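Let me begin by presenting the structure, written as structure tokens, before commenting on it.
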Amino acid sequence: MPEMNIIEAIRDALTLEMTRDERVIVLGLDVGRLGGVFRTTDGLQERFGKDRVVDTPLAEAVIIGSAIGLAISGMVPVAEIQFLGFTHQAFHQMGAQLGRFRYRSRGRFPLPVTVRAPMGGGTKTPEFHPDAIEAQFVQYPALKIALPSNPYDAKGMLLQAIRDPDPVLFIEPERLYRKGRAEVPAEDYTVPFGKARIAREGKDVTLVAWSAAVEVCERAAEQLATEGVQATVIDLRTLVPLDEETIVKSVESTGRCVVVHEAPLSAGFGAEIVATLQENAFYSLDAPIARVASYDTPYPPASLESHWLPSPERVVRQVRKLLSA
Amino acid sequence: MFQLLDPAGRLRNGAKPPLDDEFVLEGLRWMLLSRAIDARATALQRQGRLGVFSPVLGQEAAVVGSALALDPSRDWLVPQYRELPAMLMHGYPLHKHLLNLMGNPVEGRIPDDVLMLPTQVALAAQLPHAVGIAWGLKLQGKDGVVMTYFGEGASSEGDFHEACNLAGVVKAPVVFFLQNNNWAISTPRQLQSGAASLADRAAGYGMPGVQVDGNDLLAVNQVSREAVARARAGEGPSLIEAITYRMSFHNTTDNPSKYQDPAELEAARARDPIARVQAYLKGRGMWDEKREQEFEQAISEEIDAAVAKAQKAPVPNRSQIFDNVFAELTPRQAAQRRELLGEG
């Protein structure tokens with residue numbers, strides 16, 4: 001089986017789907033000749049031509065807005081926004097328009113549109129680039145939100161996203177793009193939405209995360225293991241749809257839970273997870289459910305970001321606290 | 001400003017009408033229908049039988065003249081919300097529009113063979129969609145053209161700029177039809193832009209821009225045909241600025257007496273687009289009182305039938321809140337639906 005990093009897995013999925021379905025069109029800033037600022041679309045324009053891999057003007061709202069029109073005309077657009085932090089300039093087209101068209105057209109215009117964007121910090125990018133604003137899109141309830149954390153999921157979930165009859169915001173973990181290679185099947189496969197991945201199983205505590213925070217939890221779990229604490233790590237994979245069953249079941253068995261995310265604490269999606277567990281697993285809890293998130297400040301300058309982002313150390317500290325409660 | 005008919009309905013020196021008289025008569029019929037719907041819908045709104053309504057009053061020539069340039073079997077209509085006659089001309093049934101205004105979640109659906117988007121209340125948000133459709137048609141080798149509508153207020157939005165800019169780059173077969181009716185609710189034209197002409201902005205996007213008398217059915221139709229032909233020939237987008245005037249309120253919640261000079265409205269009435277076409281057709285022996293009565297009678301019956309049909313539509317069911325969210329509801333949505341229906 002070939003080994004790929006996340007960049008290569010995404011490129012593999014795009015190549016596969018563009019070959020299989022000629023309605024698929026990739027558009028965004030620098031996706032053509034350059035192959036994307038992270039090279040996820042490298043070589044695609046040579047292979048599929050300038051009409052199917054399109055360098056657009058620098059304008060996020062019309063990248064998304066025209067993708068809506070392209071889909072209505074019968075195409076299957078995969079739009080790239082260079083960084084999730086830049087989607088704010090397309091926020092209306094993303095949430096209110098893309099995430100609503102099937103509904104507002106009474107079912108006449110379903111939109112098979114995928115919007116790809118990398119998210120998260122830890123790479124010392126300039127301001128706005130790393131903002132983890134995924135939860136803001138959850139408030140538009142007709143947008144699916146997928147966040148793979150590893151190469152296998154990146155390929156299978158992207159194929160799932162492009163084939164989904166509804167719009168999908170596909171958020172990629174920027175920090176993990178080239179973190180390492182893993183086995184990824186060369187053939188066609190999909191990873192269904194709404195099914196969380198249990199990355200590691202342990203009986204003492206459940207760590208819930210998505211995107212790059214999954215890797216933080218895995219490192220925390222390794223540290224905890226050396227202290228004799230067995231942690232389960234759950235990778236949600238999608239926020240919409242949300243796999244309540246897997247997290248509830250896990251917390252029912254461990255009795256303790258820490259939710260970890262890169263977005264600032266207040267009104268982050270972690271609050272939704274905590275509320276869900278409180279409603280469904282309350283009587284199994286041995287300790288309050290905790291959150292480890294970034295602080296409620298603007299994203300700090302690069303030299304301070306490692307103090308701001310959730311770290312394995314903070315997660316471990318929080319777990320120790322729960323265990324002594 | 002391009003004009004073929006003067007306000008008295010006389011062809012300007014040397015002007016050749018782009019439409020034969022039967023077609024002009026057809027245009028007039030749509031204009032009269034539009035005005036009669038404005039009156040009826042406003043009355044229904046005042047009786048609490050219809051939601052907020054935005055009349056077309058005063059802008060009939062701009063809307064009808066441009067829509068007459070389209071071929072509904074292959075061209076797309078992307079409206080804002082003040083273009084009802086264009087929607088009807090494109091094949092959207094009036095009773096469905098009324099059902100949308102009544103808040104019916106199902107019956108207002110655009111029929112599958114009508115190439116039109118729903119009305120758009122987020123101003124200018126439809127312009128990127130129009131460009132995307134046009135671009136997609138071009139990429140798929142189809143010969144359709146997209147006509148999209150918006151006002152001078154919407155032209156201040158970022159989506160207008162981004163849409164025009166992309167359309168110019170990809171040479172999308174789209175016509176940007178800007179109805180400059182002088183008012184964005186209470187904000188007058190001069191507060192929207194420092195540009196002397198909004199049509200001049202087209203140059204910045206590498207497309208032609210033309211200013212036309214929006215109360216002149218023939219002139220509007222001629223520039224619209226030219227823009228559609230240009231788009232169809234693969235030459236790209238155009239911007240048309242139709243100078244017209246909103247002769248009524250913004251919508252049924254508005255009160256123009258707070259901001260509008262009555263003298264200005266009077267001057268606009270002297271430029272009424274319907275009176276102009278009627279005078280023109282009269283001069284050609286195609287219009288008289290008898291014909292007017294026949295038209296009015298037929299239009300009144302058409303509206304009666306649509307209102308009756310709308311009122312007979314099935315009462316919405318609360319479960320429909322969850323229809324058309326996704327192809328398949330998420331487990332959460334499905335649980336919420338069960339709760340709503342008392343099944344949870």
Side-chain angles (χ1 to χ4, degrees), chain A residues 22-23 25 27 51-52 54-75 77 89-90 92-93 96-113 141-144 164-167 193-194 238 240-245 272 276, chain B residues 76 78 96 100 104-112 114-120 122 124-140 142 144 146 157-159 161-170 172 174 320 323-335:
Chain A
E22 47 175 46
R23 298 172 305 160
I25 174 174
L27 67 155
D51 279 349
R52 293 191 65 199
V54 185
D55 284 318
T56 63
L58 201 168
E60 284 79 10
V62 84
I63 291 173
I64 306 304
S66 68
I68 291 171
L70 285 165
I72 289 168
S73 83
M75 305 191 73
Q89 280 169 298
H92 179 78
Q93 290 292 346
Q97 299 293 333
L98 178 62
R100 193 120 129 195
F101 232 91
R102 181 192 280 274
Y103 201 76
R104 61 186 297 274
S105 68
R106 324 297 199 221
R108 168 77 196 277
F109 299 114
L111 296 181
V113 174
L143 202 58
K144 292 183 185 172
D164 198 289
D166 285 300
F193 289 167
T238 53
V240 180
L242 176 64
D243 182 359
E244 293 185 26
E245 200 186 324
E272 190 58 43
T276 301
Chain B
W76 282 78
V78 179
K96 286 187 177 286
N100 274 334
N104 189 297
V106 178
E107 303 292 328
R109 178 179 159 130
I110 297 165
D112 287 351
V114 177
L115 305 179
M116 186 184 100
L117 297 196
T119 53
Q120 178 62 260
Q126 77 279 16
L127 303 180
H129 310 161
V131 174
I133 295 173
W135 183 17
L137 293 172
K138 182 183 169 180
L139 288 170
Q140 294 167 83
K142 298 176 183 169
V146 180
E157 291 275 6
D159 274 349
H161 164 68
E162 292 196 22
C164 288
N165 189 54
L166 177 64
V169 172
V170 301
V174 57
Q320 288 165 341
D323 290 352
N324 299 313
V325 179
F326 285 128
E328 206 178 314
L329 291 179
T330 66
R332 277 203 153 189
Q333 289 162 340

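In the text below, chain A, chain B and the rest are named by the order of the sequence lines, each starting its count at 1. All figures in this text were calculated on a predicted structure; none of them were measured in a lab.
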Any side-chain heavy atom of N100(B) sitting closer than 4.5 Å to one from R106(A)? yes

What part of V106(B) lies closer than 4.5 angstrom to a heavy atom of chain A: side chain, backbone, both or neither? backbone

Geometric class of the F109(A)/W76(B) ring pair [parallel <30°, tilted 30-60°, perpendicular >60°]: tilted

Between R102(A) (side chain) and D323(B) (backbone), is there a donor-acceptor pair under 3.5 Å? no

How close do P111(B) and R108(A) get, counting heavy atoms only, and between which atoms? O-NH1, 2.8 Å

Note: vs chain B, highest number of non-hydrogen pairs under 4.5 angstrom among A67(A), P141(A), P77(A), G99(A) is P141(A)

Mind listing the closest non-hydrogen atom pair of M75(A) and L139(B) along with its distance? SD-CD1, 3.9 Å

Please determine, among I64(A), V54(A), L27(A), T56(A), the option with the most heavy-atom pairs under 4.5 Å with chain B. V54(A)

For S73(A), which residues count as a side chain to side chain donor-acceptor pair (under 3.5 Å) partner, sequence neighbours excluded? Q140(B)

Residues at least two apart in sequence or cross-chain that pass salt bridge (charged side-chain N to carboxylate O under 4.0 Å, His left out) with R52(A), listed by chain then number, are none

Given the options G194(A), G107(A), P241(A), which has more heavy-atom pairs under 4.5 Å with chain B than any of the others? G107(A)

Which bit of P331(B) comes within less than 4.5 Å of chain A, counting heavy atoms only: side chain, backbone, both or neither? side chain

So how far is it from W135(B) CH2 to I25(A) CD1, rounded to the nearest 0.5 Å? 5.0 Å

Above 12 or not: heavy atoms from other molecules or residues under 6.0 Å from CZ of R100(A)? no

Quick one: of V169(B), V170(B), V131(B), D159(B), who has the most non-hydrogen atom pairs under 4.5 Å with chain A? D159(B)

Spacing of CD belonging to Q93(A) relative to NE2 belonging to H129(B), to within rounding of 0.5 Å: 3.5 Å

At a heavy-atom distance under 4.5 Å, which candidate from D243(A), L143(A), I63(A) has the highest pair count against chain B? L143(A)

Set out, in order, the CA-CA distance, both residues' side-chain angles and the distance that settles side chain to side chain contact (heavy atoms under 4.5 Å, CB included) for F193(A) and T330(B), then state yes or no. CA-CA 10 Å; F193(A) 289 167; T330(B) 66; over 6 Å; no

Start with the C-alpha gap between V62(A) and N165(B), add the side-chain angles, then the distance that decides, and say whether side chain to side chain contact (heavy atoms under 4.5 Å, CB included) holds. CA-CA 9 Å; V62(A) 84; N165(B) 189 54; over 6 Å; no

Check whether E60(A) gets within reach of chain B through its side chain, its backbone, both or neither, counting any heavy atom under 4.5 Å. backbone

Can you tell me how far the CD1 atom of I110(B) sits from the OG atom of S105(A), to the nearest 0.5 Å? 7.0 Å

Does atom CD (E245(A)) have a neighbourhood of more than 12 heavy atoms from anything else shown, all under 6.0 Å? no

Is chain B contacted by the side chain of P110(A), its backbone, both, or neither, given a heavy-atom distance below 4.5 Å? neither

I would like to know whether R332(B) and T276(A) meet side chain to side chain contact (heavy atoms under 4.5 Å, CB included); could you show each step before the answer? CA-CA 11 Å; R332(B) 277 203 153 189; T276(A) 301; 2.6 Å; yes

Interatomic distance, L58(A) atom CG to E162(B) atom CD [nearest 0.5 angstrom]: 9.0 Å

L329(B) versus chain A, heavy atoms under 4.5 Å apart: side chain, backbone, both or neither? neither

Side chain, backbone, both or neither: which part of Q120(B) has an atom under 4.5 Å from a heavy atom of chain A? both

